Every structure is written in C-alpha cells, then in structure tokens.
Amino acid sequence: MASTASDGRPRQRTLASAVTVQGIGLHTGIPAEVRLSPAPEDHGWTLVRTDVEPPAVIPVSVRHRVETPRCTALGLRGVTVMTVEHLLATLMALGVDNVRVEVRGPELPILDGSAAGWVEALDRAGLVEQAAPRRLRRLSRSIWVGDADRFAAAMPWRDLRVSFAFISDHPGLGDQFAELTVTPETFRREIAPARTVAFAAEVGRLRAQGVGLGGSLDNVLLVADDGPVGGFRLADEVARHKLLDLIGDLALAGPLAARVVAVRGNHALTARLVEAMEQVLEGTEGKEGTDAGHR
Ligand SMILES: [Zn+2]
C-alpha cells in the first residue's frame with residue numbers, strides 16, 4: 001500500500017530505475033525504442049524525442065495534442081510522438097506521477113496491442129515514493145461534450161471511475177459495456193490485457209490512408225463480419241480497450257479524480273472533454289488543498 005505524506009495525503013511516485021521497451025508502431029510500422037526514466041517531484045510526465053536534434057521535450061498536456069487519425073499524438077514545433085495513449089493510461093492507473101519518456105522514433109511501440117507490456121515494463125522498473133504529496137486534479141462541476149449519438153460526461157468524484165458504452169450495428173459484435181474504478185489492481189486485471197481493435201472491413205481503407213501500417217494479428221484484435229478472429233482475450237474486450245484509450249486520453253489532464261462516462265466515444269471526443277475540463281479543473285490539490293465538497 002502507498003504510504004502517506006505527513007499531511008495524510010498519498011505521496012508522489014516515480015520509477016525506481018530506468019527501463020527500456022522496443023517495438024514497432026501500429027500506424028507507422030516504424031521500430032522505436034522507449035526509455036522510461038525516474039523524474040523528480042512535480043515533474044509530471046514528459047515525452048522526449050531523442051532522435052531529433054536538439055531533442056524535443058513535449059509535456060503531456062492536451063495543449064500539445066496533435067490531431068491524428070486513430071490514435072493520440074502529442075507534439076511541439078512540428079515534432080510529434082504518436083500512439084501515446086496506452087502508456088499514459090498505464091502511468092495514470094498505476095499511480096506513476098513523475099516520469100521521463102525518451103523515445104527514439106515517431107510512434108510508441110504497439111507491443112501486443114494492449115497495455116500489458118507497459119505494465120510489465122513498470123513492474124521491471126519498480127516504483128518508489130517521493131516526499132511530496134500527490135497532486136490529483138479534481139473537477140469543480142460536471143460537464144459534457146458531444147451530441148445525441150456520441151457523448152462523454154465528467155463529474156466531480158472521489159477517485160477515477162470510468163464507464164464506456166460500445167454501441168455498434170456490427171454483425172459480429174454486440175453492444176459492450178465496461179465500467180470500473182481505476183486502481184492498479186483493476187487496471188492490471190480488467191483493462192491492461194484488452195487489445196487494440198481493428199475491423200476487417202475497414203483495414204484496406206485505413207492502410208490506403210497510411211493508417212495501421214504496422215498492424216498484424218500479433219498486435220490487434222481483428223473483428224471480422226462473423227466475430228473476433230481467434231476469439232476475445234477477455235469478456236467485453238472491445239469496451240475494455242475503449243476504456244484503456246479513455247483513461248490514456250484523460251491523462252492529458254494529468255492525474256485525475258473524476259467520474260467519466262462515454263457513450264460511443266473516441267479519441268477526438270475525449271480530447272474535447274479534456275479541453276472542456278480544463279475550464280472546471282481546480283488545479284492541483286497538493287498545491288491548493290481544495291478537495292472539500294467532493295464525494
Ligand atoms: Zn488503444
């Protein structure tokens with residue numbers, strides 16, 4: 001269990017040691033090497049493209065989001081890192097407050113399409129507590145974005161609880177619903193193993209657009225007209241992967257306590273939600289100590 005700082009709040013955490021992960025990007029097919037390193041208190045999460053000169057330091061923030069099809073990308077002054085969402089979800093869920101992510105390549109490795117490899121990497125690195133209290137961001141009031149067909153809402157809450165409704169008329173896939181309070185344990189068990197989903201009917205069109213060039217049965221859950229090729233890894237795998245993406249995109253707000261419900265959401269919708277949330281986030285409770293009034 002996490003210990004607490006002298007004021008009773010949980011403490012910030014970083015990695016105990018650096019760890020390296022290699023693999024190809026889902027969309028570019030380009031090999032990348034990622035080094036996750038410890039970072040000081042209040043550093044937060046930063047991405048560093050180390051294969052450009054000078055290295056580009058990109059703070060993880062919705063301000064640096066770059067519109068990209070089918071993934072979440074962050075960039076600064078024309079240098080981007082694609083497909084950051086599975087790593088960010090893992091950092092958020094496992095309670096890693098401070099980390100430096102050095103990337104050689106334009107896209108984080110997709111690994112097996114899930115977050116299991118990122119969990120395994122953080123386990124290899126180990127986590128250590130730091131002296132400063134955690135700075136969990138909280139909402140001052142509820143908000144929502146979207147329209148009648150596709151929407152997402154965020155409400156003040158004591159921890160991070162997320163729900164996703166996957167509603168589809170796909171012949172091989174029913175509606176799926178997944179919901180949980182995000183803890184290291186629930187994330188490891190119920191979210192991290194869920195793989196990236198690709199629909200067979202759209203693979204050709206996406207590849208023609210230059211999307212999914214690194215995709216294969218080794219790193220996506222391929223859903224054909226008659227259902228998932230090779231079966232699901234866990235129940236409601238599609239909705240669970242959508243929750244993984246949702247958590248990763250919410251991480252663009254930083255470590256967060258909120259109740260978030262998404263119906264037919266996607267990366268673009270969550271980005272809109274996070275942008276809207278910036279207006280109602282109370283900043284950092286470690287700094288301002290304003291966590292009264294929330295359940
Ligand atoms: Zn994903």
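Note that the structure is predicted; figures quoted are calculated from it, not measured. Index from 1, following the sequence. One-based numbering, in listed order, for ligands and for the atoms of each. What's counted below: heavy atoms across the whole structure, side chains too, no hydrogens, waters or symmetry copies.
The number of heavy-atom neighbours closer than 6.0 Å to CZ of Arg63, taken from other residues, nucleotides and ligands shown, is 12 or below.
One of the N, O or S atoms belonging to Asp245 lies under 2.8 Å away from the Zn ion (ligand 1). The Zn ion (ligand 1) has no N, O or S atom of Cys71 closer than 2.8 Å.
Of all N, O or S atoms in His86, the one lying closest to the Zn ion (ligand 1) is NE2.
Remark: Glu202 does not engage Arg207 in a salt bridge, criterion side-chain N to carboxylate O under 4.0 Å.
In this structure, Leu281 CG and Ile143 CD1 are separated by 7.5 Å, a value rounded to the nearest 0.5 Å.
The only member of Arg195, His86, His27 that meets side chain to side chain contact (heavy atoms under 4.5 Å, CB included) when paired with Ile110 is His86.
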